Protein chains: 2
Amino acid sequence: MSTLSNAPYHHGTLRQSLLEAALIILAREGEAGLGLRDLARAVGVSPAAPYRHFDSRAALLEALAVTGFQRFAARMEEVAAGDPEDKMAAMGKTYVLFALENANLFRLMFSPQLKRENRPGLRMAADAAFDTMRHFIDGDMEKGRIQALAAWAKVHGLAVLLLDGQITIRPREDTEALIAQIIAGL
Amino acid sequence: MSTLSNAPYHHGTLRQSLLEAALIILAREGEAGLGLRDLARAVGVSPAAPYRHFDSRAALLEALAVTGFQRFAARMEEVAAGDPEDKMAAMGKTYVLFALENANLFRLMFSPQLKRENRPGLRMAADAAFDTMRHFIDGDMEKGRIQALAAWAKVHGLAVLLLDGQITIRPREDTEALIAQIIAGL
DNA sequence: CGCATGGTGTGAACGATGTCAACATTGTCC
DNA sequence: GGACAATGTTGACATCGTTCACACCATGCG
């Protein structure tokens with residue numbers, strides 16, 4: 001918008017604007033399509049400007065993944081706080097739907113590239129998100145850690161397989177229905 | 001090895017050598033660390049030489065992923081042909097162990113970057129690998145497609161979570177034992 | 001045998017990218 | 001008002017994937 005010549009020298013809210021624009025580009029183009037130069041141009045700023053707010057491209061990606069985990073945790077807590085019939089199934093469904101609705105962001109959250117960098121912020125955000133899940137799971141169902149891990153694995157695997165198109169939905173077969181059926185056994 | 005000056009102008013088995021070296025680099029450095037120039041140098045050839053055998057870097061990665069799926073399918077068929085106590089559990093365990101032993105290759109097989117390119121060879125290799133699984137599953141256990149998908153999701157999710165270090169093993173708690181316990185319910 | 005042909009490797013170059021250093025501009029605080 | 005730090009710009013560098021013109025060499029055809 002501020003492509004006009006009357007654009008001020010200082011952007012004012014660059015960091016926030018960068019994150020917002022990056023989330024949009026990420027959702028549309030995927031992580032590989034998110035270049036620092038394109039991002040800078042999208043916000044109307046010079047190619048090197050982002051470096052005042054992010055040490056590197058990886059740091060920018062980390063910030064995105066962190067907000068992803070925060071949004072994820074918020075959704076999960078929302079469900080955990082509510083009172084659905086089968087809370088366990090509701091959480092699983094939310095887990096999978098979040099992955100499908102925020103496909104590229106979800107992939108970024110679990111990106112091996114980022115993991116390899118061992119960024120503490122990402123690890124903390126992920127742990128925080130999963131801790132709320134773990135807390136609820138440990139409290140509600142006392143079948144022990146193994147069952148909890150098994151449920152997590154099932155839900156996460158379903159999310160990933162759907163995301164990658166490995167599991168294809170037959171026409172007229174609702175995605176939510178399939179999820180519900182698979183999640184059924186806790 | 002052929003860094004000596006007596007290296008012939010033509011390599012002779014470049015394509016095969018490239019794939020072998022690429023698999024080694026991939027296992028050690030991950031997909032991001034697999035550069036065409038490094039790869040060419042590792043094989044003792046000029047940076048542009050690989051392009052005589054692979055249209056692009058993506059094509060090279062596709063070839064790697066395809067061999068990954070082939071190895072995976074071979075391992076699975078081996079188990080399916082054998083006669084273990086609980087064949088279903090044995091296959092699940094093999095699935096997860098393959099992922100852990102070939103971490104970076106496994107990640108490449110399910111890489112969203114490659115999926116985005118819609119390479120037919122990759123899709124065919126993946127379908128072939130999963131078809132053998134599906135065939136066995138459909139035959140052995142008649143609980144229907146939903147149960148089969150649920151089992152697949154659970155095993156795949158466990159593999160991915162272990163791979164990403166989201167599930168951490170307590171000391172002295174054997175990885176295989178944990179896998180066996182989680183797989184237990186089909 | 002000689003020689004054209006096509007497959008294979010080389011070398012130099014292009015465009016794009018992440019990143020950095022030097023400089024310009026601005027807001028803030030004594 | 002003037003120093004100072006924060007923020008944005010400009011230009012450059014190294015590296016990467018990729019391409020193109022050329023060098024080499026095996027093969028088969030006359």
Side-chain angles (χ1 to χ4, degrees), chain A residues 1-22 25-26 28-65 108 111-114 116-117 119, chain B residues 1-22 25-26 28-65 108 111-114 116-117 119:
Chain A
M1 309 309 164
S2 53
T3 321
L4 301 174
S5 55
N6 61 357
Y9 191 90
H10 283 67
H11 183 282
T13 58
L14 224 200
R15 185 186 162 95
Q16 186 60 24
S17 301
L18 284 173
L19 287 176
E20 290 170 7
I25 298 180
L26 174 67
R28 202 176 40 212
E29 318 250 8
E31 184 245 284
L34 184 73
L36 278 190
R37 289 175 142 93
D38 304 352
L39 177 59
R41 194 176 321 115
V43 184
V45 94
S46 93
Y51 281 89
R52 296 293 158 182
H53 301 274
F54 301 98
D55 285 347
S56 64
R57 191 183 107 104
L60 188 262
L61 293 179
E62 179 198 10
L64 293 178
L108 182 64
S111 161
Q113 321 257 3
L114 277 188
R116 183 172 284 256
E117 310 228 359
R119 307 201 155 258
Chain B
M1 311 310 162
S2 53
T3 321
L4 300 174
S5 56
N6 61 356
Y9 191 91
H10 284 65
H11 183 283
T13 58
L14 222 199
R15 184 184 164 96
Q16 186 60 23
S17 301
L18 283 173
L19 287 176
E20 290 170 8
I25 297 180
L26 174 66
R28 204 177 37 212
E29 318 248 8
E31 183 245 283
L34 183 69
L36 278 190
R37 291 175 140 97
D38 305 352
L39 177 59
R41 195 177 319 118
V43 184
V45 92
S46 93
Y51 282 88
R52 295 293 162 190
H53 301 274
F54 301 98
D55 285 346
S56 63
R57 191 184 107 105
L60 188 262
L61 293 180
E62 179 197 10
L64 293 178
L108 182 63
S111 161
Q113 321 256 4
L114 278 188
R116 184 172 283 256
E117 309 229 359
R119 306 200 156 259

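These numbers come from a predicted model, not from an experiment. By convention in this document, chain letters (A, B, ...) are assigned in the order of the sequence lines, proteins followed by strands, and residues within each chain are numbered from 1.
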Quiz item: Out of curiosity, B/Ser46 OG to B/Arg41 CZ, how far, rounded to the nearest 0.5 Å?
Solution: 11.5 Å
Self-check item: Spacing of A/Leu14 atom CG relative to C/dG27 atom C1', expressed in whole Å
Solution: 16 Å
Self-check item: Minimum heavy-atom distance A/Pro47-A/Ala40, with the two atoms named
Solution: CA-CB, 3.9 Å
Contacts under 3.5 Å, N or O only, protein and nucleotides 11-18 of chain D:
from	atom 1	to	atom 2	distance (Å)
D/dG17	OP1	B/Leu36	N	3.4
D/dG17	OP2	B/Leu36	N	3.1
D/dG17	N7	B/Arg37	NH1	2.3
D/dG17	O6	B/Arg37	NH1	3.4
D/dG17	O6	B/Arg37	NH2	3.2
D/dT18	OP2	B/Tyr51	OH	2.8
D/dT18	OP2	B/Arg57	N	2.7
D/dT18	O5'	B/Tyr51	OH	3.1

Quiz item: Is there a donor-acceptor pair under 3.5 Å between the side chain of A/Arg57 and the backbone N or O of A/Leu34?
Solution: yes
Exercise. Whole angstrom is fine here: how far is it from CZ in A/Arg52 over to P in C/dC23?
Key: 13 Å
Quiz item: If you round to the nearest 0.5 Å, how far is CG of B/Leu108 from CD of B/Glu62?
Solution: 10.0 Å
Self-check item: Those residues that, when tested against A/Phe54, pass side-chain contact (heavy atoms from CB on, under 4.5 Å) (two or more places apart)
Solution: A/Arg15, A/Leu18, A/Leu19, A/Ala59, A/Leu60, A/Ala63
Quiz item: Between A/Gly33 and A/Ile25, which heavy-atom pair has the shortest distance, and what is it?
Solution: O-CG2, 3.9 Å
Exercise. Kindly give the heavy-atom pair with the smallest separation between B/Val43 and B/Ala21, and that separation in Å.
Key: CG2-CB, 3.8 Å
Quiz item: Can you tell which of A/Glu117, A/Glu31, A/Gln113 makes a side-chain contact (heavy atoms from CB on, under 4.5 Å) with A/Leu61?
Solution: A/Glu31
Quiz item: Quick one: bend of the helix from C/dC1-D/dG30 to C/dC30-D/dG1 from 5 pairs per end, to 10°?
Solution: 10°
Self-check item: Rounded interatomic separation in angstrom, taking CZ from A/Phe54 and P from C/dG18
Solution: 14 Å
Exercise. Using a cut-off of strictly less than 4.0 Å, decide whether B/His53 has a side-chain nitrogen or oxygen near OP1 or OP2 of C/dG7.
Key: no
